[in-house]
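One is the number of the first residue; the rest follow in order along the sequence. Counting starts at 1 for both ligands and their atoms, in listed order.
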Amino acid sequence: MLTDSEFKEIGIHQYGIVSPAEIVFDEEIRKICENNVCRLYGKTWACPPAVGTVSQCRERCLQYENAMVFNCVYPLEDSFDYESMREGHAQFKKLCDRLYEAVRPRYDSFILLSNEGCNRCETCTYPNVACRMPDKLFPSLEGFGIHVAKLAASAGIHYINGANTVTYFGMLLY
Ligand code: SF4
């Protein structure tokens, strides 16, 4: 795995390693996707239903020995500061790209899960044509049906990081 200084250089705020068997998958989380709260359900290859059932997602995760859970915290002016939330989210996607480039030479096989769906292309090819960049398709952590608050607790990192902040999470299975 990467060194502490590499994690810092990538911009990761906190991280912890868990066994994939410890990850809590919850059909209720998938129902939140199905209710289209984030308006990305059925919009990209990174979200349900394209990622498969919760049980298929769990099976994919269990193929790996380790899960590195990570986060980054972004400041907000107040809890209604949606512009900073969007900006933080865009920054987090770049962080995932940096992590991907750092781990790519080290592992033959891994999955990087990121926060929410994929916004890499202006218009996603879903559902008619295969993803344009399957290597850089980082499925949604929540879309896999993963209970992120419980995941953070298992990894020993904070789910909430103080007033006027937003925290985004990802996970590397390797
Ligand atoms: S990389 Fe492009 S085609 Fe693939 S899921 Fe993301 S937006 Fe869709």
Side-chain angles (χ1 to χ4, degrees), residues 2 6-7 9-13 15 20 23-64 66-74 82-149 151-152 166-174:
L2 306 178
E6 285 172 310
F7 279 118
E9 209 171 296
I10 288 166
I12 288 172
H13 181 68
Y15 70 94
I23 301 169
V24 175
F25 291 82
D26 188 339
E27 292 287 349
E28 292 302 313
I29 304 286
R30 175 57 65 88
K31 281 186 192 151
I32 297 172
C33 295
E34 288 166 358
N35 288 332
N36 212 6
V37 172
C38 67
R39 288 180 280 180
L40 290 173
Y41 184 81
K43 292 286 194 300
T44 82
W45 292 105
C47 290
V51 294
T53 64
V54 172
S55 138
Q56 287 168 334
C57 292
R58 182 169 181 273
E59 286 307 312
R60 277 184 77 184
C61 292
L62 290 176
Q63 288 170 19
Y64 295 88
N66 297 293
M68 192 274 288
V69 186
F70 59 93
N71 70 12
C72 191
V73 183
Y74 300 92
Y82 298 114
E83 198 181 321
S84 299
M85 285 179 207
R86 269 202 307 276
E87 175 56 24
H89 192 248
Q91 292 299 324
F92 188 74
K93 292 290 188 192
K94 289 182 184 159
L95 181 158
C96 290
D97 283 346
R98 292 193 293 276
L99 177 61
Y100 169 79
E101 292 302 337
V103 298
R104 196 163 56 115
R106 300 177 199 220
Y107 298 105
D108 290 337
S109 173
F110 63 88
I111 310 179
L112 180 54
L113 300 178
S114 180
N115 185 266
E116 293 188 6
C118 183
N119 55 5
R120 210 176 278 287
C121 308
E122 204 168 312
T123 309
C124 185
T125 59
Y126 182 85
N128 300 317
V129 180
C131 173
R132 290 185 187 98
M133 289 172 259
D135 290 352
K136 289 189 167 185
L137 171 58
F138 309 149
S140 161
L141 190 58
E142 304 86 349
F144 260 42
I146 292 172
H147 196 301
V148 180
L151 182 67
V166 62
T167 306
Y168 294 115
F169 285 84
M171 180 168 71
L172 177 76
L173 292 137
Y174 60 99

Given the side-chain rings of F25 and H147, with only the six-membered ring counted for Trp, is the space between their centroids under 6.0 Å?
-> no
Would you call R132 and E122 a salt bridge, taking side-chain N to carboxylate O under 4.0 Å as the test?
-> no
All side-chain hydrogen bond (donor to acceptor under 3.5 Å, both in side chains) counterparts of R120, not counting sequence neighbours = D97
F7 meets the ring pair (Phe, Tyr, Trp, His ring centres under 6.0 Å) criterion, sequence neighbours left out, with Y15
Within less than 2.8 Å of atom 8 (Fe) of ligand 1, the count of protein N, O or S atoms comes to 1
Under the salt bridge (charged side-chain N to carboxylate O under 4.0 Å, His left out) test, which residues partner K94, sequence neighbours left out?
-> none
Does the side chain of E87 pick up a donor-acceptor pair with the side chain of Q91 at under 3.5 Å?
-> yes
